[in-house]
J.: 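Can you keep this structure in mind? I'll have questions shortly.
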Amino acid sequence: MNLVYAALLSLIALLIFLAAVTRVGAWWIERSYPAQGEFATVNNTRMHYIFDRGNGQTDLPPVVFLHGASGNLNDPREAFLGQLGGRADLLFLDRPGHGWSGRGPKSNETPDGQAATVAALMEELGIEKAVVVGHSFGGAIAATFALNHPGKTIGTLFLAPVSHPWPGGVDWYYDLTPVPVIGRIFSETLALPFGLMRVRPGTECVFTPNRPAENYVERTGVALVLRPWHFRANATDVARLLDYVTKTAPLYSRIETPAVVITGNKDAIVLPRVHSLGLERDLPNAELVWIENLGHKPDYVATDLAVAAIEKLAGAPRDLQAMGKALETEIAGDRFGPVERCLE
């Protein structure tokens with residue numbers, strides 16, 4: 001019995017130590033990647049955003065960017081601001097519960113709730129309609145936005161999106177974290193110290209077989225997701241996504257606004273033949289640009305193509321298929337990253 005008590009006390013001491021490490025680590029991460037934008041409370045949600053207004057000579061309509069799981073507004077901002085800055089009013093936002101945005105009401109736990117919050121933020125900022133760009137998980141929100149808010153949608157650009165029911169589930173920690181008590185303990189003790197060891201290998205998997213963008217981890221502040229409250233919000237998003245898209249995907253045929261889907265056949269994070277081909281099939285007005293040897297980050301590897309797709313959605317003539325073929329030639333030799341491990 002004494003051994004049991006000793007083991008229990010040792011476990012409690014370890015958890016207290018890991019909780020302290022997590023608190024110090026979260027403090028360090030927040031000091032390293034402070035909020036850079038402004039805040040507005042809409043839909044009972046304190047939203048963090050950067051609204052980069054055009055210079056008065058814009059040639060494009062407003063563009064709203066929706067980042068993927070584990071991300072924040074720095075991800076699309078680093079990818080697109082250089083090419084689109086000054087050409088349009090650009091709204092980069094931390095989705096509810098991510099980056100520096102508050103989680104808000106329980107409705108923000110699903111894409112339709114987050115889409116409603118984004119629509120409210122657009123209204124607050126005076127954006128009547130926009131081209132909506134969604135990467136990965138952001139694709140599910142972008143599809144819901146077009147479905148529920150067609151009057152605010154000029155067109156939708158899907159980049160390596162998640163949108164349809166897929167075989168299998170999600171990684172174990174996504175299912176564990178939302179579980180009461182044990183999930184809270186996990187997020188407050190183990191997630192951050194072990195997650196820090198996985199940030200760079202995980203980034204390699206996101207980009208593979210293409211080389212990661214230079215200083216991507218530092219530039220985008222990926223580590224923000226390891227803070228306990230952010231980690232729980234992200235895990236809840238992902239854990240509930242399969243049920244949500246199973247219910248919502250049959251409604252995509254109602255979306256009338258135009259869409260472009262850019263995806264790669266070597267995506268090691270989502271299944272392009274399920275999601276991207278599904279969008280091409282189900283959306284009445286969609287163009288699929290399928291890129292051989294492209295991974296999960298067309299926003300960085302195919303930035304020129306993505307910008308041309310935004311231009312096309314805004315009404316300009318662009319041959320996206322020709323641009324896609326040119327990109328295939330450019331990246332045909334990419335062999336970066338442990339593809340086999342990423343697909344395990």
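Count residues from 1 along the sequence. Excluded from the calculations below are hydrogen atoms, water molecules and symmetry mates; all remaining heavy atoms, backbone and side chain alike, are included.
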J.: Using 30° and 60° as the class limits, which term best fits the ring planes of H48 and F39: parallel, tilted or perpendicular?
T.: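 H48 vs F39 ring planes: tilted.
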
J.: Would you call the rings of H230 and H98 parallel, tilted or perpendicular, taking 30° and 60° as the class edges?
T.: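 Answer is perpendicular, since the angle exceeds 60°.
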
J.: Answer yes or no: is there an ion pair linking E128 with K152, defined by an N-O contact shorter than 4.0 Å?
T.: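 K152 and E128: not salt-bridged.
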
J.: Check the surroundings of atom CD in Q321: do more than 12 heavy atoms from other residues, nucleotides or ligands lie under 6.0 Å from it?
T.: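 Yes, CD of Q321 has more than 12 neighbouring heavy atoms, counting only those of other groups under 6.0 Å.
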
J.: For the pair N43 and T117, evaluate side-chain hydrogen bond (donor to acceptor under 3.5 Å, both in side chains) and give the outcome as yes or no after the intermediate values.
T.: CA-CA 6 Å; N43 194 28; T117 299; 2.7 Å; yes

J.: Just checking W100 against Y49, ring centres under 6.0 Å apart?
T.: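 Centroid separation for W100 and Y49: 6.0 Å or greater.
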
J.: Between E204 and R200, does any side-chain N to carboxylate O distance fall below 4.0 Å?
T.: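 No salt bridge links E204 with R200.
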
J.: Between E287 and R318, is the closest basic N to carboxylate O distance under 4.0 Å?
T.: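 No, R318 and E287 are not salt-bridged.
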
J.: Checking N293 side chain against E328 main chain: does a donor-acceptor pair fall under 3.5 Å?
T.: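 Answer holds: no.
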
J.: Among L91, I141, T156, which residue satisfies the side-chain contact (heavy atoms from CB on, under 4.5 Å) criterion with L66?
T.: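 One option only clears the test, and that one is I141.
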
J.: Could you please spell out the steps behind the side-chain hydrogen bond (donor to acceptor under 3.5 Å, both in side chains) verdict for T144 and Y244?
T.: CA-CA 10 Å; T144 294; Y244 179 83; 2.8 Å; yes

J.: Have N72 and Y33 got a donor and an acceptor in their side chains that come within less than 3.5 Å?
T.: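 The answer is no; no qualifying pair exists.
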
J.: Using a 4.5 Å cut-off on heavy atoms from C-beta on, say whether the side chain of L277 contacts that of P272.
T.: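 They are not in contact (no side-chain heavy atoms under 4.5 Å apart), so the answer is no.
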
J.: Is it true that, when you exclude L9 itself, more than 12 heavy atoms of the residues, nucleotides or ligands shown sit nearer than 6.0 Å to its CG?
T.: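 Result for CG/L9: enclosed.
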
J.: For E292 and I331, run side chain to side chain contact (heavy atoms under 4.5 Å, CB included): C-alpha distance rounded to whole Å, both residues' side-chain angles, the deciding distance at 0.1 Å, then the answer.
T.: CA-CA 8 Å; E292 296 291 324; I331 65 174; over 6 Å; no

J.: Taking side-chain contact (heavy atoms from CB on, under 4.5 Å) as the criterion, tell me which of D299, T220, L73 meets it with E78.
T.: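 Option passing the side-chain contact (heavy atoms from CB on, under 4.5 Å) with E78: T220.
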
J.: Between K297 and D75, does at least one N-O distance fall below 4.0 Å, as a salt bridge requires?
T.: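 A salt bridge is present here (some side-chain N lies under 4.0 Å from a carboxylate O).
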
J.: Hey, are R53 and D89 close enough for a salt bridge, meaning a charged N less than 4.0 Å from a carboxylate O?
T.: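 No, this pair does not count.
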
J.: Report the C-alpha distance between Y216 and Y300 in whole Å, list the side-chain angles of each, state the deciding distance to 0.1 Å, and finish with yes or no for ring pair (Phe, Tyr, Trp, His ring centres under 6.0 Å).
T.: CA-CA 10 Å; Y216 174 82; Y300 283 80; 5.3 Å; yes

